Amino acid sequence: MKILVCISKVPDTTAKIAFTDNQTKFDTNGVQFIINPYDEWYALVRALELKEANGGNVTILNVGTAENDPTIRKALAIGADDAVRINMDPTDALATATQISTYAKENGFDLVFTGKETIDYNGSQLGGMIAAQMDLPYVSYASKLDMNGNTATIERDIQGGKEIVEVDAPFVLSAAKGMAEARIPNMRGIMAARTKPLNVVEPVACENSTEVVSYELPAAKGDCKYVDAENAGVLLDLLRNEAKII
Amino acid sequence: MGILVYVSTSNNQINKSALEAISYAAQCGDSVTAVQFGEAADQAEAGKFGADKILKVSNAKLNDFQPNLIAEALMKAAEAEGADTIVLSHDLSGKAVAPILSAKMHAGLVTGAVALPTAEGTIKKGVFSGKAYANVKINTAKKIITVTPNSIDKKEFNKTAAVADFAVEVGDSRLKVVEQKIESADLPLTEAIKVVSAGRGLKGPENWGIIEDLAKELGAATACSRPVSDMDWRPHHEHVGQTGVAIRPNLYIAIGISGAIQHLAGVNQSKVIVVINNDPEAPFFKSADYGIVGDAFEVVPKLIEKAKSMDFTS
Ligand SMILES: Cc1cc2nc3c(=O)[nH]c(=O)nc-3n(C[C@H](O)[C@H](O)[C@H](O)COP(=O)(O)OP(=O)(O)OC[C@H]3O[C@@H](n4cnc5c(N)ncnc54)[C@H](O)[C@@H]3O)c2cc1C
Ligand SMILES: Nc1ncnc2c1ncn2[C@@H]1O[C@H](COP(=O)(O)O)[C@@H](O)[C@H]1O
């Protein structure tokens with residue numbers, strides 16, 4: 001099986017979120033970047049497990065600039081065989097999906113994995129777009145995946161519960177919690193990652209369908225109003241008469 | 001040019017988030033066609049919240065949740081109706097269908113909208129896991145928008161929607177649904193207006209009785225922190241936060257939860273946050289509107305008792 005795992009680079013989950021340039025750019029000052037958790041913990045690790053069980057090849061794909069290379073090397077350190085970076089600053093989901101699906105079509109993969117969403121843009125859109133552009137079935141929010149030959153049995157999150165579906169490869173899947181357990185790269189993996197191939201590919205021409213005009217931070221919370229634990233019931237009076245929400 | 005809305009149903013009822021999507025579309029000021037998948041006993045609700053027309057899709061191939069086919073049907077409906085914008089709820093159904101529509105129609109997509117488009121055409125959406133918003137502009141003629149549940153005013157229009165059957169042919173699915181496990185018939189967490197949530201401070205699953213009782217009295221859904229679902233004290237679908245479900249109820253009561261940044265990421269857009277914790281230094285108090293410093297096992301029973309004496313019928 002040839003598996004393509006799409007990864008994105010996101011700010012660490014504890015990063016302070018601030019903006020510069022008149023609220024139009026994310027302030028990367030002092031921010032640590034990581035692989036998007038869903039891509040790393042679930043999509044990548046499950047892909048590696050499938051490869052370990054059945055043989056095959058796991059390729060990492062990122063659409064981004066050279067600044068992303070250290071993040072891509074980390075995915076190689078966890079165990080992927082090779083990586084591709086499409087050299088473009090991804091500012092629009094549809095354009096990013098077009099890059100990924102074009103590459104994936106040309107290079108013939110059996111399985112294409114994404115995370116369920118990025119923790120920075122919270123788009124939850126790339127997986128479905130890639131599937132549609134490749135004319136493949138899309139299994140969203142997968143929480144379990146087993147392969148039996150060419151046929152996959154997948155548990156996915158649906159509105160109100162879960163569902164088990166069967167689908168033949170090739171297909172596109174977005175990975176949610178439950179797919180696998182996170183792995184920590186070991187020293188050998190980190191050493192090996194240095195010499196694994198990281199191929200840089202130039203993007204195909206494509207227009208952006210959306211643009212972020214500006215960012216804003218939520219209004220700051222006022223001070224917390226404390227209620228005495230002994231008279232805890234007062235809280236509900238406040239919620240009814242002051243906050244007017246119950 | 002009109003707006004099309006994807007209306008999902010469960011248990012013969014239109015999902016509350018779908019009614020919000022209809023109201024959102026109507027507030028955009030265009031004619032609204034609601035495309036209804038499945039039977040709905042409460043069809044008049046669609047008109048109440050702003051649908052001018054309901055297209056009922058009955059096609060056995062669409063009885064299962066088949067995102068590719070639903071997208072195909074919606075595209076054909078948009079063509080038939082001359083609609084250039086499709087609005088969906090940002091729930092698990094909408095999140096699966098919207099990106100397929102976007103790619104197939106070459107329509108720019110904004111997911112997780114929390115406000116109506118401005119006069120300049122920008123749409124506000126949550127980014128950085130609830131820690132910020134982005135104002136996004138769609139550059140294409142056709143547009144797809146998914147609306148975050150419980151984020152906009154569900155304005156009433158009290159229209160009477162004309163109902164028509166929409167016979168649509170769709171391709172064959174390559175996805176076979178083998179089994180469905182609907183966790184509970186109750187309100188999904190993302191649609192709940194009030195949520196009572198608890199964390200590791202509750203010590204063990206056997207102590208969740210007071211959490212469920214308080215939730216029941218308040219008419220709230222229950223949620224939990226990640227370690228609690230990781231340890232299987234509570235079902236996974238209750239896990240809120242960065243890696244779990246993101247919610248924005250009117251009221252979020254956090255009991256025995258420390259308020260780690262990854263937890264906050266999923267709940268900090270709640271309108272009012274109440275924190276109950278025996279540690280006055282718990283970080284959650286910084287994000288709280290109301291706080292009680294005290295032992296959950298003493299405080300929560302007092303709240304239940306008080307709630308019992310109040311009327312929650314309205
Ligand atoms: C990448 C990443 C993603 C994560 N995603 C999530 C996520 O999505 N959701 C999430 O919740 N967490 C997430 N976490 C974990 C998060 O960092 C915290 O570890 C977690 O939220 C802590 O859960 P807790 O508050 O229940 O437990 P604790 O941090 O152990 O807090 C328990 C709290 O209970 C209080 N307490 C104890 N006894 C009592 C009592 N008798 N009465 C009242 N209060 C009491 C304590 O003072 C304490 O504040 C993530 C972590 C990482 C690294
Ligand atoms: N720039 C990128 N390069 C490669 N994959 C990406 C990129 N951005 C997002 N993805 C993948 O698409 C998934 C969903 O992203 P999003 O639609 O932005 O929420 C992520 O979890 C990644 O797997």
Side-chain angles (χ1 to χ4, degrees), chain A residues 13-14 17 19 37 93-94 97 119-129 131-133 137-141 153 157-168 177-178 208-218 221-222 224-227 229 232-233 235-236 238-240 243 245-246, chain B residues 10 65 67-68 91-93 95-96 99-100 102-104 108-112 122 126-129 131-140 174-183 188 218 242-243 250-251 261-262 271-272 274 285 287-294 299 302-303 306-307 310:
Chain A
T13 56
T14 57
I17 306 303
F19 303 100
L94 207 45
I119 64 168
D120 53 359
Y121 190 69
N122 300 119
S124 203
Q125 36 195 10
L126 249 64
M129 288 174 173
Q133 289 171 338
Y138 175 45
V139 189
S140 54
Y141 286 71
T153 304
D157 295 339
I158 56 165
Q159 201 56 24
K162 285 183 183 291
E163 186 169 88
I164 296 177
V165 299
E166 273 176 15
V167 58
D168 287 338
K177 183 180 164 186
N208 284 354
S209 64
T210 57
E211 63 184 291
V212 173
V213 179
S214 63
Y215 292 98
E216 53 189 273
L217 292 170
K221 281 261 173 199
C224 175
K225 188 163 190 168
Y226 286 94
V227 174
L235 172 73
L236 298 188
L238 287 169
L239 292 178
R240 171 157 294 177
I245 44 159
I246 60 169
Chain B
S10 33
F65 180 60
N68 296 51
D91 60 14
L92 282 167
S93 305
K95 286 181 194 181
I100 300 176
S102 165
K104 292 279 187 201
L109 166 63
V110 173
T111 52
T122 62
V127 289
F128 294 101
S129 305
K131 286 178 253 178
Y133 297 100
N135 297 305
V136 187
K137 193 163 178 170
I138 302 180
N139 294 329
T140 49
R174 285 165 280 178
L175 205 72
K176 194 171 108 208
V177 175
V178 184
E179 190 190 335
Q180 266 202 355
K181 303 185 233 175
I182 298 302
E183 309 258 8
L218 296 174
Q242 183 132 56
T243 41
N250 292 349
L251 174 63
I261 193 155
Q262 298 90 356
K271 294 197 182 87
V272 172
V274 174
F285 284 116
S287 309
D289 299 280
Y290 295 96
I292 300 181
V293 178
V299 172
K302 287 202 176 90
L303 293 176
K306 170 76 180 176
M310 293 168 76

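Just so it is clear: chains get the letters A, B, ... in the order the sequence lines come, proteins before strands, and each one is counted from 1. What you see is a predicted model; the values in this text were computed from it and never measured.
- Heavy atoms of A:Y121 lying under 4.5 Å from chain B belong to its backbone as well as its side chain.
- Looking at A:L126, there are no atoms closer than 4.5 Å to chain B (heavy atoms on both sides), in backbone or side chain.
- At a 4.5 Å heavy-atom cutoff, the contact between B:D91 and chain A is made by backbone and side-chain atoms alike.
- One finds the CD1 atom of A:I119 at 9.5 Å from the OG1 atom of B:T243 (value rounded to the nearest 0.5 Å).
- Among all heavy-atom pairs drawn from A:Q133 and B:A103, the shortest one is CG-CB, 3.9 Å.
- With respect to A:E166 and B:K176, a salt bridge is recorded, a charged nitrogen being found less than 4.0 Å from a carboxylate O.
- A:I245 contributes atom CD1, which lies 9.5 Å from atom NZ of B:K271 (distance to the nearest 0.5 angstrom).
- The distance from the NZ atom of B:K95 to the CG atom of A:D157 is 10.0 Å, given to the nearest 0.5 Å.
- A:E163 places no side-chain N or O within 3.5 Å of a backbone atom of B:Q180 that could act as its donor or acceptor partner.
- When heavy atoms are compared at a cutoff of 4.5 Å, B:I261 approaches chain A solely by way of its side chain, counted from C-beta outward.
- Among A:S124, A:A229, A:A97, the residue with the largest count of heavy-atom pairs under 4.5 Å with chain B is A:A229.
- Looking at A:I17, the atoms closer than 4.5 Å to chain B (heavy atoms on both sides) all sit in the side chain, from C-beta outward.
- Put simply, NZ on B:K137 and CG on A:N208 are 13.5 Å apart, with the number rounded to the nearest 0.5 Å.
- In terms of heavy-atom pairs under 4.5 angstrom with chain B, the leader among A:L217, A:L239, A:N122 is A:N122.
- Heavy-atom distances place no part of A:A131 under 4.5 Å from chain B, backbone and side chain included.
- If you measure heavy-atom distances from B:T122 to chain A, the contacts under 4.5 Å come from the side chain alone.
- For a residue to count as touching a neighbouring chain, one of its non-hydrogen atoms must lie under 4.5 Å from one of that chain's; by this rule A:L94 touches chain B with the side chain only.
- Both the backbone and the side chain of A:K162 come within less than 4.5 Å of a heavy atom of chain B.
- With a 4.5 angstrom heavy-atom cutoff, A:L235 touches chain B only via side-chain atoms.
- Comparing A:S140, A:P137, A:G222 by how many heavy-atom pairs each has under 4.5 Å with chain B, the most go to A:P137.
- Checked by atom type and distance alone, the side chain of B:T111 pairs as donor or acceptor with a backbone atom of A:G123 at under 3.5 Å.
- With values rounded to the nearest 0.5 angstrom, B:N135 atom CG is found 10.0 Å from A:Y215 atom OH.
- B:Q262 and A:T13 are linked by a side-chain donor-acceptor pair at a separation below 3.5 angstrom, with hydrogens and angles left out of the test.
- Minimum heavy-atom separation, A:C224 to B:F285: CB-O, 3.6 Å.
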